[in-house]
Amino acid sequence: MGKGNKKLADSAALQLLTLCNGNAPLMAKAQIVQQEFNKVRTVDKLVKNQSQLMLNKVLHSTRAMDTGMRTLLELYGAMPANQYSMGAYLVQLRKGKDGGFGRLNGELSKRIQTTVVDKRNRFLHAAGQYPTKSEAEQIIGDVESYLQTILNLA
């Protein structure tokens with residue numbers, strides 16, 4: 001699809017919204033996750049430069065994952081103290097939460113770190129670095145798949 005898997009992204013956003021049902025602030029964050037995934041598919045109309053377009057797609061998809069992970073952790077009162085990064089969220093997800101959510105497999109956590117977090121950081125924190133179309137598509141696909149897997153821990 002090149003713009004992410006709409007069904008998988010929508011499913012993850014709906015699952016997060018369902019998990020947060022009744023908690024208005026977290027439901028609002030879940031809606032923001034959906035909006036970020038929508039931006040991955042609509043940014044083509046706004047950004048014509050291919051390099052900048054791919055960077056925008058990576059930005060919006062990883063923001064969706066970041067906010068989705070944070071929202072899940074907030075829902076279960078498991079946010080790491082004063083740490084707001086995907087790496088810190090992965091550490092917390094590996095710990096799990098008794099009576100809340102299951103533990104994220106350590107090997108999967110490492111794969112998420114390598115294939116999403118490290119690649120995102122490479123492109124978003126270094127001037128002049130842009131993902132190719134295939135790199136962006138891979139990151140977006142991984143984001144959607146991994147976020148669904150993380151939400152399934154609940």
Side-chain angles (χ1 to χ4, degrees), residues 1 3-41 43 54-127 129-132 134-154:
M1 179 172 183
K3 300 173 189 169
N5 182 330
K6 183 177 180 350
K7 287 184 181 180
L8 191 55
D10 289 347
S11 175
L14 179 61
Q15 183 175 358
L16 184 60
L17 191 60
T18 301
L19 287 169
C20 296
N21 190 29
N23 184 324
L26 294 182
M27 288 177 68
K29 287 184 179 184
Q31 291 170 336
I32 290 169
V33 169
Q34 177 65 59
Q35 292 167 5
E36 289 294 331
F37 279 134
N38 286 341
K39 288 176 185 176
V40 172
R41 295 188 295 270
V43 72
M54 293 305 116
L55 187 64
N56 268 271
K57 288 178 175 283
V58 168
L59 169 70
H60 291 298
S61 67
T62 57
R63 282 173 31 151
M65 184 173 188
D66 186 304
T67 301
M69 292 166 66
R70 182 172 55 249
T71 302
L72 179 70
L73 291 171
E74 288 176 358
L75 178 65
Y76 290 103
M79 269 294 291
N82 300 317
Q83 296 184 22
Y84 298 94
S85 71
M86 290 174 73
Y89 304 156
L90 288 171
V91 169
Q92 193 65 34
L93 288 165
R94 283 195 308 266
K95 294 177 183 178
K97 173 95 173 165
D98 289 338
F101 56 89
R103 288 188 167 110
L104 182 64
N105 173 287
E107 196 55 42
L108 179 56
S109 176
K110 288 178 191 173
R111 205 165 43 241
I112 294 169
Q113 180 70 42
T114 302
T115 63
V116 174
V117 179
D118 292 348
K119 287 185 179 182
R120 181 227 25 208
N121 290 346
R122 177 178 151 218
F123 296 121
L124 297 181
H125 295 292
Q129 296 292 309
Y130 297 94
T132 64
S134 63
E135 287 173 318
E137 289 173 351
Q138 183 65 50
I139 293 168
I140 294 164
D142 287 346
V143 161
E144 293 165 344
S145 175
Y146 291 147
L147 181 57
Q148 185 71 65
T149 299
I150 289 167
L151 294 176
N152 287 340
L153 296 172

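Computed from a prediction, not measured in an experiment: that's the story for all the values here. Positions are given from 1 along the sequence. Quick note: numbers below take in every heavy atom, side chains included, and nothing from hydrogens, waters or symmetry partners.
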With the side chain counted from C-beta on, respond yes when [X] and [Y] share a heavy-atom pair under 4.5 Å apart, and no when they do not.
X      : Y      : result
Arg41  : Lys6   : yes
Gln92  : Met79  : no
Val91  : Pro80  : no
Met54  : Thr132 : no
Phe123 : Leu55  : yes
Val116 : Met86  : yes

Note to self: Quick one, Val143 with Val40, criterion side-chain contact (heavy atoms from CB on, under 4.5 Å). Give me CA distance, side-chain angles, the key distance, then yes/no.
What the structure shows: CA-CA 12 Å; Val143 161; Val40 172; over 6 Å; no
Rounded to the nearest 0.5 Å, how far does [atom2] of [Y] lie from [atom1] of [X]?
X      : Y      : atom1 : atom2 : answer
Asn56  : Leu124 : CG    : CG    : 9.5 Å
Ile32  : Lys39  : CD1   : NZ    : 9.0 Å
Met69  : Leu90  : CE    : CG    : 4.0 Å
Arg103 : Asp98  : CZ    : CG    : 6.5 Å
Asn23  : Leu26  : CG    : CG    : 3.5 Å
Gln113 : Arg111 : CD    : CZ    : 13.0 Å

I need the minimum non-hydrogen distance between [X] and [Y], along with the two atoms involved.
X      : Y      : value
Ser109 : Leu104 : CB-CD2, 3.9 Å
Ala9   : Glu144 : CB-OE2, 3.6 Å
Ile140 : Ser61  : CG1-OG, 3.6 Å

Margin query: Show me the pairs that pass ring pair (Phe, Tyr, Trp, His ring centres under 6.0 Å) and involve residues 73-118, at least two apart or across chains.
Written below: Tyr76-Phe101
Item checked: CA sep, side-chain torsions, deciding dist, call: Asp66, Thr62, side-chain contact (heavy atoms from CB on, under 4.5 Å) -> CA-CA 6 Å; Asp66 186 304; Thr62 57; over 6 Å; no
Check: Is any side-chain N of the basic residue among Asp142 and Arg120 closer than 4.0 Å to the acidic one's carboxylate O?
Finding: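 Salt bridge: no.
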Check: When you look at Asp118 and Arg122, which way does the salt bridge (Lys or Arg N to Asp or Glu O under 4.0 Å) test go after all the steps?
Finding: CA-CA 6 Å; Asp118 292 348; Arg122 177 178 151 218; over 6 Å; no
Result block: side-chain N/O donor-acceptor pairs under 3.5 angstrom for residues 145-154, not counting sequence neighbours:
unit_1	atom_1	unit_2	atom_2	d
Gln148	OE1	Ser11	OG	3.2
Gln148	OE1	Ala12	N	3.3
Gln148	NE2	Gln15	OE1	2.2
Thr149	OG1	Ser145	O	3.1
Asn152	OD1	Gln15	NE2	3.0
Asn152	ND2	Gln148	O	3.3

Margin query: Quick one, Leu72 with Leu93, criterion side-chain contact (heavy atoms from CB on, under 4.5 Å). Give me CA distance, side-chain angles, the key distance, then yes/no.
Written below: CA-CA 10 Å; Leu72 179 70; Leu93 288 165; 4.1 Å; yes
Check: Taking Asn38 as the fixed residue, which of Glu36, Gln34, Gln35 is the one that meets the side-chain hydrogen bond (donor to acceptor under 3.5 Å, both in side chains) rule?
Finding: Gln34
Checklist line | Pairs involving residues 72-97, ordered by first then second residue, that meet salt bridge (charged side-chain N to carboxylate O under 4.0 Å, His left out) (sequence neighbours left out) | finding: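 Of all non-adjacent pairs touching residues 72-97, those that pass salt bridge (charged side-chain N to carboxylate O under 4.0 Å, His left out) are Lys29-Glu74.
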